[in-house]
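Working notes, beginning with the structure itself.
In this text, all values refer to a predicted model and were calculated from it rather than measured experimentally.
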Amino acid sequence: MTIEPIESYARTGCFSYIYADVAEKGYSDYLKYSSEVKRFGDVEYDERLVELKHLQSVAGLQTIVFSAMCFEAAIFDFASVHLCDDYVKDNLDKLDLLSKWVVVLRFVFGIELRKDEAPYGLLKNLIQARNKLVHAKSESIEPDFEALQRQIKRMEKRDAEYESSVHIAFRALVTMSLYLDLSHTGHYNPLPVYDMFNAPMRRY
């Protein structure tokens with residue numbers, strides 16, 4: 001299939017920057033609520049603590065899901081601009097998100113998203129975290145004490161992984177954007193700009 005020359009960079013329905021802003025707002029809220037939760041120390045129950053933990057969970061989910069949505073929308077827009085819509089729909093659209101970034105960056109930027117570097121690892125972890133949330137499955141409470149204790153330990157492990165995933169999600173956006181700023185030549189960065197010189201009003 002022949003890739004037609006680019007006639008216009010103008011597109012409609014480009015939501016990647018909105019998704020990034022929602023993710024950033026979620027991460028800012030997550031940090032705020034996490035700080036407030038820590039002030040309660042070892043208190044087992046408090047109505048305000050329950051509310052804060054709920055808001056913390058909502059903000060974390062917002063960070064993870066919308067960070068992934070930003071990556072999804074950004075790479076589709078970028079690939080469609082440079083490789084044309086028909087080519088993307090016929091050849092790239094069915095790829096998983098990580099593969100899209102690897103293939104498109106090689107095609108357009110001429111750079112390799114290496115597996116041993118931070119941008120690849122962070123994006124991979126973000127996708128895994130997003131998938132766990134999107135495909136989450138409930139489980140029944142164990143009936144006997146020992147089984148219940150094991151279940152509680154699994155829940156605590158999941159909570160720790162979730163907290164780590166929230167930080168990874170927003171870090172993935174920032175790291176990949178900075179990586180592309182340093183790597184690309186002659187092409188625009190499909191992600192929002194996060195360096196303090198060009199984007200001093202951003203939160204991070």
#### Entry: Side chain to side chain, L49 and K53, heavy atoms closer than 4.5 Å
yes

### Task
Answer whether the closest heavy-atom distance between the side chains of V58 and L61 falls below 4.5 Å.
no

### Query
Restricting to pairs with a member in residues 111-131, which pass side-chain hydrogen bond (donor to acceptor under 3.5 Å, both in side chains), not counting sequence neighbours?
R106-E112, R114-D116

## Note on the structure
Here the gap from H167 atom NE2 to I64 atom CD1, rounded to the nearest 0.5 Å, amounts to 10.0 Å

#### Entry: Derivation and outcome, ring-ring contact (aromatic ring centres under 6.0 Å, His included), residues F78 and F109
CA-CA 11 Å; F78 186 74; F109 278 141; 5.2 Å; yes

### Heavy-atom donor-acceptor pair, N189 side chain to S177 backbone, under 3.5 Å
yes

#### Entry: Side-chain (S28) to main-chain (E24) donor-acceptor, under 3.5 angstrom
no

### Query
Cluster question for you: counting only ILVMFWY and a side-chain heavy-atom cut-off of under 4.5 Å, with indirect links fine, are V37 and Y162 together?
no

### Task
For the residue pair Y27 and Y30, categorise the inter-ring angle as parallel (less than 30°), tilted (30 to 60°) or perpendicular (more than 60°).
parallel

### Query
When rounded to the nearest 0.5 angstrom, what distance separates CG in L105 from NZ in K100?
13.5 Å

### Message
Tell me if a side-chain donor or acceptor on W101 pairs with a main-chain N or O of F71 at a distance below 3.5 Å.
### Response
yes

### Task
Group every Ile, Leu, Val, Met, Phe, Trp and Tyr by side-chain heavy-atom contacts under 4.5 Å, then state whether L55 and V65 land in the same group.
no

### Query
Which heavy atom in I168 sits nearest to a heavy atom in L122, and how many Å separate them?
CG2-O, 3.8 Å

### Query
How many angstroms lie between SG in C70 and CG in L173, if you round to the nearest 0.5 Å?
5.0 Å

### Message
Within the 4.5 Å heavy-atom criterion, are I111 and L180 side-chain neighbours or not?
### Response
yes

### Short side-chain to backbone donor-acceptor contact, S165 and E161, under 3.5 Å
yes

### Query
Is there a chain of hydrophobic side chains (I, L, V, M, F, W, Y, each step under 4.5 Å between heavy atoms) that links L126 to V102?
yes

### Task
In plain terms, say whether K25 and D29 are close enough for a salt bridge, that is, a side-chain N and a carboxylate O under 4.0 Å apart.
yes

### Message
Do I18 and F66 have side chains that approach each other closer than 4.5 Å (heavy atoms only, starting at C-beta)?
### Response
no

### Task
Rounded to the nearest 0.5 Å, what's the gap from OH on Y194 to OG1 on T175? Could you check?
10.5 Å

#### Entry: Closest non-hydrogen atom pair, A59 against Y33
CB-CD1, 4.4 Å

### Query
If only atom types and distance count, is the side chain of S80 paired as donor or acceptor with the main-chain N or O of F76 below 3.5 Å?
yes

### Task
Would you mind reporting whether L123 and M176 have side-chain heavy atoms less than 4.5 Å apart?
yes

### Task
Would you give the length of the straight line joining atom CD of Q62 to atom OG of S67, rounded to the nearest 0.5 angstrom?
9.5 Å

#### Entry: Basic-acidic side-chain contact under 4.0 Å: E51, R48
yes

### Task
Step by step, work out the side-chain contact (heavy atoms from CB on, under 4.5 Å) result for E163 and D159.
CA-CA 6 Å; E163 180 179 358; D159 287 345; over 6 Å; no

### Message
On a heavy-atom basis, which atom in S16 and which in D77 lie closest, and how many Å separate them?
### Response
OG-OD2, 4.3 Å

### Between CD on residue Q56 and NZ on residue K38, distance to nearest 0.5 Å
9.0 Å

### Task
Classify the angle between the aromatic ring planes of Y87 and F107 as parallel (below 30°), tilted (30 to 60°) or perpendicular (above 60°).
tilted

### Task
Following the transitive rule for hydrophobic clusters with a side-chain heavy-atom cut-off under 4.5 Å over Ile, Leu, Val, Met, Phe, Trp and Tyr, establish whether L92 and V81 coincide in one cluster.
yes

### Query
Can you name the nearest heavy-atom pair linking V104 to A79, along with the distance?
CG2-CB, 3.7 Å

